[in-house]
Novice: 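I am attaching a structure below and will ask some questions about it afterwards.
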Amino acid sequence: FQPIQMENPYKEPPKRCVLCGINVDYKNVQLLSQFVSPHTGCIYGRHITGLCNKKQKEVTKAIKRAHIFGFMPVMYKNPSFLTDPKICNVKY
Amino acid sequence: KPETAAVLKRTVEALMERGAIVRNLENLGERSLPYKISKHNERHRRGGYFLIDLEAPPSIVSTMMDHLGRDIDVIRRAFIKYPVSKTEECSGIIPVNNEDKLIAKK
């Protein structure tokens, strides 16, 4: 008897990242500030945020846009957003 | 406040003059800027944010940027493509097969 070829029945659904259904906009500064360091204001990389390719690119572009248009501070994180829940696995 | 109304009226009229169709005008509120911006020999700390939905030929962009740059009351100007929101195809993180990539390159 030959083994029947079939798709892996125990396959898990693909892992979704944090932003997987959410539309990223340069206007919601609170969401974008969650991916920025509070001390220097630099954008966290993919290994820290854990986002998929597309979303990381979108977030980076939105953050740069927000910087230029004057929505988000560049060198630090807006102090009113400092108590937001932690999304990225940063070790301070 | 009447000054901001006058600025908006000026810009919208300038846009209509060059043949742009204004769909919507949103006020994103007046807040203190994230950093002090110096423009036209003045250091600004507070500003009003406005968003105009436009339909216009792309040749307008350079002329409008010029026009808005000469306006003293406008601190920062920008044009963006209308954001097409399509997030229903997000299929999650696809695990990358590194071994296959190595073999294929060889």
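Letters A, B, ... mirror the listed sequences (proteins, then strands); counts begin at 1.
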Novice: Does CE in Met65(B) sit with more than 12 non-hydrogen atoms of other residues, nucleotides or ligands closer than 6.0 Å?
Specialist: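 Yes, because the 6.0 Å sphere around CE of Met65(B) holds more than 12 heavy atoms from other groups.
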Novice: Taking atom CG of Asn8(A) as the centre, report whether more than 12 heavy atoms of other residues, nucleotides or ligands fall under 6.0 Å from it.
Specialist: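 Enclosed: over 12 neighbouring heavy atoms sit under 6.0 Å from CG of Asn8(A).
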Novice: Hey, is NZ on Lys57(A) packed in by over 12 heavy atoms from elsewhere, all under 6.0 Å?
Specialist: no
Novice: If you count every heavy atom of other residues, nucleotides or ligands that lies below 6.0 Å from His44(B) atom NE2, does the total exceed 12?
Specialist: yes
Novice: Go through the atoms of Arg77(B) and report whether side chain, backbone, both or neither lie under 4.5 Å from a heavy atom of chain A.
Specialist: neither
Novice: What do you reckon, is CD1 of Ile72(B) surrounded by more than 12 foreign heavy atoms closer than 6.0 Å?
Specialist: no
Novice: Quick check: Phe71(A) with Tyr49(B) (ring centres under 6.0 Å apart)?
Specialist: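 Between Tyr49(B) and Phe71(A), the centre distance is under 6.0 Å.
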Novice: Taking all non-hydrogen atoms of both residues into account, name the closest pair between Pro34(B) and Met72(A) and its distance.
Specialist: CB-C, 3.6 Å
Novice: Picking from Leu51(B), Ile80(B), Ile37(B), Leu28(B), which has the most non-hydrogen pairs under 4.5 angstrom with chain A?
Specialist: Ile80(B)
Novice: For a quick test of reading the model, state the closest non-hydrogen atom pair linking Arg76(B) to His67(A) and the distance between them.
Specialist: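 Scanning both residues, the minimum pair turns out to be NH1-O, 4.3 Å.
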Novice: How far apart are the closest heavy atoms of Tyr35(B) and Ile68(A), and which atoms are they?
Specialist: OH-O, 3.8 Å
